[in-house]
Amino acid sequence: MTIVLARNSPTEVVASSVDAHGELLGEATVLPFDRLAGFVAEREGAPEPERWVWSDSSRWYGDLLNAGVRVRRCHDLRLSHAILRNSTLTAHTAFARAEPTAWDQPVEPPSAHVAPVHSTLFDLGETMASGRSAAREDSAAEYRHQLQALSEVPDAGRLRLLLAAESVGALIAAEMRHAGLPWRTEVHDALLTAELGPRVPYGTRPARLEELAGRIRGILGDQSVNPDSPPNVLKALNRAGLMITSTNRWELAEYSHPVIEPLLEYKKRARLLTANGWTWMDQWIIDERFHPDYVPGGAATGRWATSGGGALQLPKQIRAAVTADPGWKLVVADAAQLEPRILAALSADTAMAAAGRGTDMYAGIVASGVVESREHAKVAMLGAMYGATTGESGRLMPKLTRAYPRAIRLVEQAARAGERGEHVTSWLGRSSPAPGADWQEAQRLASQPGASAAEESRARSRARDWGRFTRNFVVQGSAAEWALCWMGEIRNGLRAIEQRSSTPPGRLATASGAVFESLPHLVFFLHDEIIVHTPEEHAEEVAQTVTEAAAFAGRLLFRDFPVDFPLGIAVVDRYSEAK
DNA sequence: GGTCTATGCCAC
DNA sequence: AAACGTGGCATAGACC
């Protein structure tokens, strides 16, 4: 049922079957690394799946995938540890109050220990044994401590769900990295050539940029202007009589001068070149697949981060390069207005949930007569969740507060708590970190008798900053939990499709080591959207699975509270065709 | 040479 | 229209 895997020595693993309290059942098995994949595969073949307990999914599972082995369930000790150490729900336990241990250390950056995507079993022992982390692990003890902490929480259902969701997220992150996002370098190159001119060696300007740079210099009458240097451009513009203080896009756009147009053009195209140009393509696209390093729980709110490759910021400009293989489709889905819907559920604001009954919550808010336009509804909602005080959004707040008092009260209370330096907690139990030492120091200085006006003002400003963070934390963090549950359920549904289909399931290793050659699989995740790459014959079934999973996630988190989670969903050949 | 910060902009 | 949340990343330029 549950097996703890731990490094026993630089070349060995110990596998221990444990009971519901984490206590050892029978004898532990010691095996060399090169037998681990077979050991796991054999047990995954059984009808009743094991739950594998291990230190870091990125390491253990990355290597298993490279060896052609998938697992169904795991408990990621490091991710769970971070949640349990910091949650207000466990704050009273010995687990949370203990001195920090090795489990509180951040995991090594993935690049340092994750094997190349297509490495083989041959590398397994070496990567597992590499670096300072080759020390013996006390994973079984850590697992017992975590279970003990959970047993001391009166109503731990949500927290248990959070740990399960976080752990399945870690499996999915490793699987997506392994499979990669289908990428057509030919399409990417054509887009770059159209925007920039033909490819040139690194460090030289493509023709289109060179031409724009020439125009900019000509208009300014200064051949020394370097459009890649903001300070240099700023000085040149000031000399030309444009009294701007920054060269950012929206400030430039406010002036009318012949140089503005070519300058904005230059910046836009130069950004494409440096961020997602040929250098990026060479580095990150391997065999027509993009393999980013996802970092589950990388943001304080529980959102994922990424490390390398910039998967969080794939510009819309190049999304046409994300293309399904011949005979395959992309199922692209995003949750419509996820965060406001989450807020409605968190606060049990039935009026706000009712406005979201259709597919467009902002339209629903307009239809309820709260504001006059969809744009107003959107700006006001975002402002409420981000803590806007000025401008359009600030002006609309009173209307929103009148219509949805419960929802607004929830975010306001979260903001006030943050301003006092307190923790706030997401729906399933992830808590915000404490503000840093310099924040505390600023507050302390301002509260002393002789504090200067500047100190008081600084402290108030810092307090409000932290309040905006905690205000957003409860919504963003709970939305991230919904997204994990959604994706976990999609993964279950895809496995069901796999088992219904005629393609033989199970171990599907190919010469390249790829596990996912012939079946629908997740290939991309970005906060509230997913992409599944699927054989065309399964595309409609996949779309239905993804849609049902959204409803499932809503029920899993909020039971019978009447809040909908509609999706924008499309079956397409290219990512750019969705929406 | 390397490290660090500021800038600007991409995504949700 | 404007400066309000979470991130990553490339570059220039200051600094060691």
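Nothing here was measured: the structure is a model prediction, and the numbers come from that model. Quick note: numbers below take in every heavy atom, side chains included, and nothing from hydrogens, waters or symmetry partners.
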Considering every strand and a 4.0 Å limit on heavy-atom distances, what is the contact class for Gly298(A): base, sugar-phosphate, or nothing? nothing
Using a cut-off of under 3.5 Å, enumerate the N/O to N/O pairs linking the protein to nucleotides 11-15 of chain C.
from	atom 1	to	atom 2	distance (Å)
dA12(C)	O3'	Ser229(A)	OG	3.3
dG13(C)	OP1	Ser229(A)	OG	2.7

If I compare all heavy atoms of Ala363(A) with all of Arg374(A), which pair ends up nearest, and what's the gap? N-CG, 4.4 Å
Tyr575(A) OH to dA11(B) C1': how many Å, rounded? 9 Å
Taking the side chain of Thr390(A) as its heavy atoms from C-beta onward, which of dC4(C), dC10(B), dT6(C) lies nearest to it? dC4(C)
is_close_aromatic(Trp486(A), Phe525(A)), centroid dist under 6.0 Å: no
Find the distance Tyr386(A):OH to dT6(C):P and express it as a whole number of Å. 10 Å
Strand-adjacent residues in residues 239-248 of chain A, judged by heavy atoms under 4.0 Å from DNA chain B: Ser246(A), Thr247(A), Asn248(A)
Is there a side-chain contact between Glu175(A) and Arg491(A) (heavy atoms, below 4.5 Å)? yes
Protein-nucleotide distance (Glu419(A), atom CD; dG5(C), atom P), rounded to Å: 13 Å
Taking the nucleotide of DNA chain C with the closest heavy atom to each, which residue, Thr301(A) or Gly310(A), is nearer the 5' end? Thr301(A)
Would you please classify the geometry between the Trp427(A) ring and the Phe558(A) ring as parallel, tilted or perpendicular, with 30° and 60° separating the classes? tilted
Does Gly308(A) reach a base, just sugar-phosphate, or nothing at all? Heavy atoms under 4.0 Å. sugar-phosphate
Apply the side chain to side chain contact (heavy atoms under 4.5 Å, CB included) test between Phe565(A) and each candidate in Thr547(A), Asp528(A), Leu557(A), Leu338(A); give the one that qualifies. Leu338(A)
Within the structure shown, what part of the strands sits under 4.0 Å from Glu529(A) by heavy-atom distance: base, sugar-phosphate, or nothing? sugar-phosphate
Closest nucleotide of DNA chain C for Glu251(A) versus for Ala300(A): which of these residues is on the 5' side? Glu251(A)
Pick base, sugar-phosphate or nothing for Glu392(A), based on heavy-atom distances below 4.0 Å to the nucleic acid. nothing
Please name the pair of heavy atoms, one in Ala407(A) and one in Leu343(A), separated by the smallest distance, quoted to 0.1 Å. O-CD1, 3.8 Å
Using whole Å, what does the distance between atom C1' of nucleotide dG8(C) and atom CD of Gln313(A) come to? 4 Å
Does OP1 or OP2 of dC10(B) have a side-chain N or O of Arg249(A) closer than 4.0 Å? yes
NA contact type, Arg395(A), heavy-atom cut-off 4.0 Å: base, sugar-phosphate, or nothing? nothing
Is there a side-chain polar atom (N or O) of Lys267(A) under 4.0 Å from OP1 or OP2 of dG8(B)? no
Could you check how far CG of Leu264(A) sits from P of dC10(B), rounded to whole Å? 11 Å
Taken to the nearest whole Å, CH2/Trp284(A) to C1'/dC10(B) is 16 Å
Going by number, which of residues 205-219 of chain A have a non-hydrogen atom under 4.0 Å from DNA chain C? none
Measure from CH2 on Trp304(A) to P on dC12(B) and round the result to the nearest Å. 17 Å
For dC4(C), take OP1 and OP2 only and decide whether either is under 4.0 Å from a side-chain N or O of Lys378(A). no
Should Arg468(A) be listed as having a side-chain N or O under 4.0 Å from OP1 or OP2 of dG5(C)? yes
For Arg303(A) and dG5(C), what is the distance between atoms CZ and C1' respectively, to the nearest whole Å? 8 Å
Heavy-atom nearest pair, Arg574(A) first then Ala320(A), reads NH1-O, 3.5 Å
Pair Glu261(A) + Arg215(A), salt bridge at N-O below 4.0 Å: yes
Please determine, by modelled atom types, if Ser426(A) and Ser478(A) share a side-chain donor-acceptor pair under 3.5 angstrom. no
How is Ser393(A) classified with respect to the nucleic acid when contacts are heavy atoms under 4.0 Å: base, sugar-phosphate, or nothing? nothing
Tell me, do Pro182(A) and Arg289(A) make a side-chain contact under 4.5 Å, heavy atoms counted? yes
From CA spacing to verdict: salt bridge (Lys or Arg N to Asp or Glu O under 4.0 Å), Lys329(A), Glu577(A): CA-CA 12 Å; Lys329(A) 291 285 180 183; Glu577(A) 291 162 6; over 6 Å; no
If we count only N and O atoms by modelled type, under 3.5 Å, do the side chains of Tyr61(A) and Arg177(A) hold a donor and an acceptor together? no
Looking at every strand, decide which applies to Lys316(A) at a 4.0 Å heavy-atom threshold: base, sugar-phosphate, or nothing. sugar-phosphate
Classify the angle between the aromatic ring planes of Tyr575(A) and Phe524(A) as parallel (below 30°), tilted (30 to 60°) or perpendicular (above 60°). perpendicular
